[in-house]
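Proteins come first, then strands; the chains are lettered A, B, ... in the order of their sequence lines, and each starts at number 1.
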Protein chains: 2
Amino acid sequence: MIKDKFADVVTPPPGEEADIGEINGILGFHIRLAHGACLRHFTETFTELDLTQKQVSVLWLVDDHPGIAQTDLAQRLRMDRATTMAIINRLQAKHYLRRDRSAEDGRKQALFLEPEGQAMLSRAKFAIGEHEAWVKRHFSDKEVKLLLELLARIHE
Amino acid sequence: MIKDKFADVVTPPPGEEADIGEINGILGFHIRLAHGACLRHFTETFTELDLTQKQVSVLWLVDDHPGIAQTDLAQRLRMDRATTMAIINRLQAKHYLRRDRSAEDGRKQALFLEPEGQAMLSRAKFAIGEHEAWVKRHFSDKEVKLLLELLARIHE
DNA sequence: GCGCAATTGTTAGTCAACCATACAAAACTA
DNA sequence: TAGTTTTGTATGGTTGACTAACAATTGCGC
């Protein structure tokens with residue numbers, strides 16, 4: 001398909017606010033945009049707490065499963081070991097959690113929240129509430145449930 | 001809330017395959033997981049072409065809007081100017097597009113695809129087809145439409 | 001027209017996340 | 001016991017996002 005050189009240079013329909021044309025029908029593109037919007041809002045919400053999505057997820061999971069090993073954590077959050085390491089290191093540097101050598105398996109590190117981590121997680125869960133309210137701002141309860149179910153089909 | 005120390009250390013329900021507990025009800029968490037899954041599959045699909053999601057989006061948009069300025073591009077894809085720069089630089093280094101100084105506005109750079117970029121975009125669109133089929137693998141047409149509409153509400 | 005403000009692109013630096021690779025220690029297995 | 005697998009670790013590279021600063025250009029108010 002050949003474009004006629006300079007026919008309508010600089011965005012054909014100048015009225016629209018943000019037309020993205022053909023690509024607009026691509027599902028993966030909208031997942032990316034929605035994720036980007038969520039990430040931006042999350043980051044804003046968590047500037048004070050100075051935590052990322054991944055870090056909150058890790059704190060949350062370690063709290064739910066005290067003594068969990070890094071590999072187990074990585075599988076549940078779909079990360080590889082190296083990435084998990086980096087995140088755990090950062091959280092440990094802030095004294096939010098600690099590594100204990102596992103008694104049963106000398107290779108494993110058992111992860112536990114420190115009191116500071118517990119406290120931070122509580123604050124984080126509160127902030128998550130705000131953030132979730134924003135994500136759901138245009139949804140009914142039924143739509144949230146539906147969206148949850150659809151998204152799960154993608155990543156399961 | 002105080003946990004009874006070592007009551008059920010190392011993951012309470014050991015049978016489940018990847019229980020993530022309470023956090024499972026968080027919508028933002030599932031958006032993140034779905035996006036992660038998409039990104040992984042996309043990256044796999046595009047290893048040969050050596051293109052990222054962002055790069056494909058940019059090529060696509062420049063093709064749809066020849067002569068588009070970087071700022072306009074950035075707005076449509078929800079990126080800032082600095083990030084856009086980095087991506088454009090990479091694409092230009094591969095000779096997929098070029099910057100022309102805009103005639104009407106000396107500040108703007110008019111972006112155009114080079115023939116190599118056109119060719120690569122064609123291949124990319126084909127690969128996108130495969131990728132989209134994967135994303136939609138568990139969805140009916142009706143569900144795709146619904147999901148698209150719900151996601152748009154988040155990022156609009 | 002002149003000067004100031006806004007826009008656009010650019011550069012530089014920081015950071016989080018991801019991936020690949022290689023290595024060491026511990027556990028498991030044949 | 002010897003070899004393999006698992007787990008954590010260290011290292012380096014890539015991508016993307018953000019901030020701050022700066023120069024060139026444009027546009028606006030006076």
Evaluate the salt bridge (Lys or Arg N to Asp or Glu O under 4.0 Å) criterion for residues B:Arg76 and B:Asp72: first the C-alpha distance (whole Å), next the side-chain angles of each, then the deciding distance (0.1 Å), finally the verdict. CA-CA 6 Å; B:Arg76 289 167 199 256; B:Asp72 192 0; 2.9 Å; yes
Measure CZ/B:Phe46 against P/C:dC19 and give the value in whole Å, please. 17 Å
With respect to the phosphate group of C:dT10, does any side-chain polar atom (N or O) of B:Gln70 fall under 4.0 Å of OP1 or OP2? yes
Nearest whole angstrom, please: distance from the C1' of C:dG9 to the CG of B:Asp100. 15 Å
In whole Å, I'd like the distance from the CD1 atom of A:Ile88 to the C1' atom of D:dG8. 11 Å
Over how many whole Å does the gap from A:Gln75 atom CD to D:dG8 atom C1' extend? 14 Å
I'd like to know if the side chain of B:Gln109 pairs up with that of B:Asp100 as donor and acceptor (distance under 3.5 Å, no hydrogens or angles considered). no
Going by side-chain contact (heavy atoms from CB on, under 4.5 Å), A:Ser140 matches just one of A:His138, A:Lys136, A:Lys142. Which one? A:Lys142
Report, as a single string ordered 5' to 3', how protein heavy atoms within less than 4.0 Å touch nucleotides 13-24 of chain D: B base, S sugar-phosphate only, - not at all. --SSBBB-----
Dot-bracket pairing map - DNA chain C, Watson-Crick plus G-U, both contacts under 3.5 Å, | cross-strand: ||||||||||||||||||||||||||||||
Look at the side-chain heavy atoms of Ile, Leu, Val, Met, Phe, Trp and Tyr, link any pair under 4.5 Å apart, and say whether B:Ile68 and B:Leu97 land in one connected group. yes
Does a side-chain N or O of A:Thr71 approach OP1 or OP2 of D:dT6 to a distance below 4.0 Å, or not? no
If hydrophobic clusters are built from ILVMFWY residues whose side chains come within less than 4.5 Å, do A:Phe29 and B:Leu147 share one? no
A:Arg101 CZ to C:dA24 P: how many Å, rounded? 15 Å
Whether the side chain of B:Gln55 engages the backbone of B:Thr52 through a donor-acceptor N/O pair (distance < 3.5 Å, no angle test) should be reported. yes
B:Lys125 side chain reached by B:Val56 side chain, heavy atoms, under 4.5 Å: no
Taken in chain and number order and not counting sequence neighbours, the residues that satisfy side-chain hydrogen bond (donor to acceptor under 3.5 Å, both in side chains) with B:His41 are B:Thr45, B:His131
Report the distance from atom NE2 of B:His35 to atom P of C:dA17, rounded to the nearest whole Å. 14 Å
For the CZ atom on A:Arg123, are there more than 12 heavy atoms of other groups (residues, nucleotides or ligands in this structure) within a distance under 6.0 Å? no
Rounded to whole Å, CG of B:Asp72 lies from P of C:dT8 at a distance of 9 Å
Please figure out whether A:Asn89 or B:Asp105 has its closest DNA chain D nucleotide nearer the 5' end. A:Asn89
What is the distance, to the nearest angstrom, from the NZ atom on A:Lys108 to the C1' atom on C:dA24? 18 Å
